[in-house]
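Have a look at the structure below, then the notes.
Whatever order the structure lists them in is the order used to number ligands and atoms, beginning at 1.
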Amino acid sequence: MEDYKYLFKVVLVGNAGVGKTCLVRKFTQGIFPPGQSATIGVDFMIKTVKVENDKIKLQIWDTAGQERFRSITQSYYRSAHAIVLVYDVACQPSFDCLPEWLGEIESYANRRVLKILVGNKVDKGDEREVPERIGLDFSEVNNFDYFLETSALDATNVDQLFEQVATRLTNDMKATDERFNQYKSDTSTANGTGSIRLIERAQNQFNSCYRSNNRNILSYTVARLCLSLSHSVLVMNTFTIKNAARMASTKTSLYSHARTGGFSQAAPVLHNPYKDDPLLDRVLRRLLPQQQYAKVANDLVRFGDRVVSEIDAMGRKAEVEVPRLEQHDAWGRRVDQLVTCNEWKKLKQVCAEEGIVGIGYEDETDAYTRRLHQVAKLFLFSPSAGLVTCPMAMTDGAIKTLLALDLHGKNALATEAIERLRSRDPATAWTSGQWMTEKKGGSDVGGGCDTYAVHVGDNKYRLHGYKWFSSAIDSDVALTLARVVDPDGTTLEGSRGLSMFLLRIRDDDGNLNGIQMVRLKQKLGTRQLPTAELLLDGALAERIGDQGRGVANISNMLNITRIHNAVASVAGMRRIIALARDYSTRRSVFGQPQAKWPLHTSTLAKMEVETRGCFMLLMESARLLGLSVRLRKLCSFHEVNKKKLSNIRPRCENKLCES
Ligand SMILES: Nc1nc2c(ncn2[C@@H]2O[C@H](COP(=O)(O)OP(=O)(O)OP(=O)(O)O)[C@@H](O)[C@H]2O)c(=O)[nH]1
């Protein structure tokens, strides 16, 4: 007879060439086989190991990674006690295929199989493509039981890998054995006199519970139920009785000293949103040049910590402490003073310091990198930002619009606005509003705009109208549309009659610029954002852009704010999953953490897939936005060169003729 306590079947899977065979041979034979050829179908080896004093036999199945053997290897999953999924740390595609392998494991393996993730070939050092943290994150997100990195070449962690497998399986098996023995002894005593013992035990539970808390109807009912069950089922599973009794006694102790009880759920914990999101890191690593990636990643790790430790709490405060409008002072004078909470103001400062908008316009980095960096940072920030991201979106849009009109250095107000809107100095930074919605309607801007601009000299105008939904009126400047009134008093209807204007909302002394804040909007949600109805009563503004091109000009702003909206939406989805995932490890339902219930994890998985899809689309939009700026720069560079060439060419031709 064989002298081992347990025999476990361990199956290694993973892409071809990741080193499965070498790992098995290193462990079982102590060699690293030179020129190892691809596995055909499956192969297996046996090795006996010791776990404490028990001899454990490991039957290790090495499967072929090649696609054509897939149907053969799948049949080995079902009876496996453990599955070791291997990737090559120096081969990103082998890592990218892990979800596919996980799908196979889910489809073909036993639901309770031990799952181990292994990153092999760590000896490759410089050639590494998958950082350890990414592997670890993947294993955590996908509920692997264990993760480690190995090298079959220099034997790093090879023995540890299989020892872990043996130890974990042995412990599981022993726990099952113990339960089984307990069950056997209880059911054997349940025959004859044993059945009386069970009933007696339940009766005692009931009595003690009822005595100690006779007002607690719930405990009473549970204990009563437990008792009647034990009467009706003669041979009863011990666990059921124990659990019912435990429930009853737990409730008794929890509620015995209080009227309201002492139970509350453990709150989910927000982790550094960058470190918690391996996909974000992966996408950035793929899209950014190596050096830029390192800089951006460092900034995001640091910022992620700040989000958790400081920003998230401020955002929550800003959300509950909504702004108010004080229209008159104690003496009846109209003041239109907007009062916002300190956290809202502080968050605006954070935005400036962190370059939430500024990063997108810092010339020392190329346009492509900075847009991706900015979007990634917003992605971390947005769900914690208390919606201060709304003025940031408009600010970003305003800079883009002013730059597209090439106003920097040509128009004093526009130049100051560009510099301050993108500034990282909270003391001098501005934000911008965007006033487009009027009483008559939203998207029908051409038909709905009822604001008129009366020329007062140069490009300056006085604006008269009523802006129905003006967001973040604590901004410093705003872009808006109005209909220019011709000298004969007429205006052009429709979109062609609209021009774009830039105006300051208050002067340097804080006085409103011919504007009345009529009332704050009573919104459903987003109440922390000061959105108001504004009466423009001769507000001084500068027309920027050609007359009649208002809609075309302001569409730059709309494009940017739409991207910000997309960031906020996808970031919200990501945050919800991050919190739900964390919560599911803390909340226990039906006797185990929620995360262990397949229906729950499959719901989370569906949300994850949808979120990842949206996220990829978002990053693609950011990439294209960055590329468009880079392209425009390139085009203007070529324009300049073309001009230079056309100047040089006649001179060269003359020289040629002369010679
Ligand atoms: N540097 C390094 N090379 C390794 C390591 N493990 C395996 N290799 C090499 O990787 C190649 C593939 O190794 P195998 O063990 O055959 O890979 P496999 O996963 O079994 O491949 P299939 O049988 O086709 O599924 C061989 O050339 C090995 O020499 C390791 O830890 N470090």
Kindly confirm or rule out an N or O of [X] lying under 3.5 angstrom from an N or O of ligand 1.
X	value
C22	yes
Q66	no
T150	no
A16	no

Which segment of A64 sits under 4.0 Å of ligand 1 when only heavy atoms are counted: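 Backbone only.
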Residue part near ligand 1, for V122, under 4.0 Å between non-hydrogen atoms: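 V122 to ligand 1: no contact under 4.0 Å from either part.
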To the nearest 0.5 Å, tell me how far D88 CG sits from K121 NZ.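 That separation rounds to 4.0 Å.
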So if I count the atoms of ligand 1 from 1 in the order they appear, which ones are less than 4.0 Å from some heavy atom of [X]?
X	value
D123	1 (N), 2 (C), 30 (C), 31 (O), 32 (N)
A152	6 (N), 30 (C), 31 (O)
A38	23 (O), 24 (O)

Which atom of F379 lies closest to which atom of V570, heavy atoms considered: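 Minimum heavy-atom separation between F379 and V570: CE1-C, 3.7 Å.
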Evaluate the ring planes of [X] and [Y], with Trp represented by its six-membered ring, and classify them as parallel (under 30°), tilted (30 to 60°) or perpendicular (over 60°).
X	Y	value
F303	F381	tilted
F138	F144	tilted
F27	F162	parallel

Does the protein put a heavy atom less than 4.0 Å from atom 23 (O) of ligand 1?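 Given the 4.0 Å limit, the answer for atom 23 (O) of ligand 1 is yes, a protein heavy atom qualifies.
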Considering G19, P33, G17, S151, which one's heavy-atom position lies nearest to atom 21 (O) of ligand 1?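 When every heavy atom of G19, P33, G17, S151 is considered, G17 comes closest to atom 21 (O) of ligand 1.
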Ignoring hydrogens, just give me the one of K124, K121, K20, R25 whose non-hydrogen atom is nearest atom 30 (C) of ligand 1.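 Answer by nearest heavy atom: K121.
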Decide yes or no on ring pair (Phe, Tyr, Trp, His ring centres under 6.0 Å) for Y76 and F44, but give the supporting numbers first. CA-CA 11 Å; Y76 288 82; F44 87 89; 9.2 Å; no
Are R424 and E353 within salt-bridge range, i.e. N to O under 4.0 Å?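 The answer is no: the pair does not qualify as a salt bridge.
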Look at R370 together with D366 and state whether they make a salt bridge at an N to O cut-off of under 4.0 Å.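 Not counted as a salt bridge, because no side-chain N and carboxylate O are separated by less than 4.0 Å.
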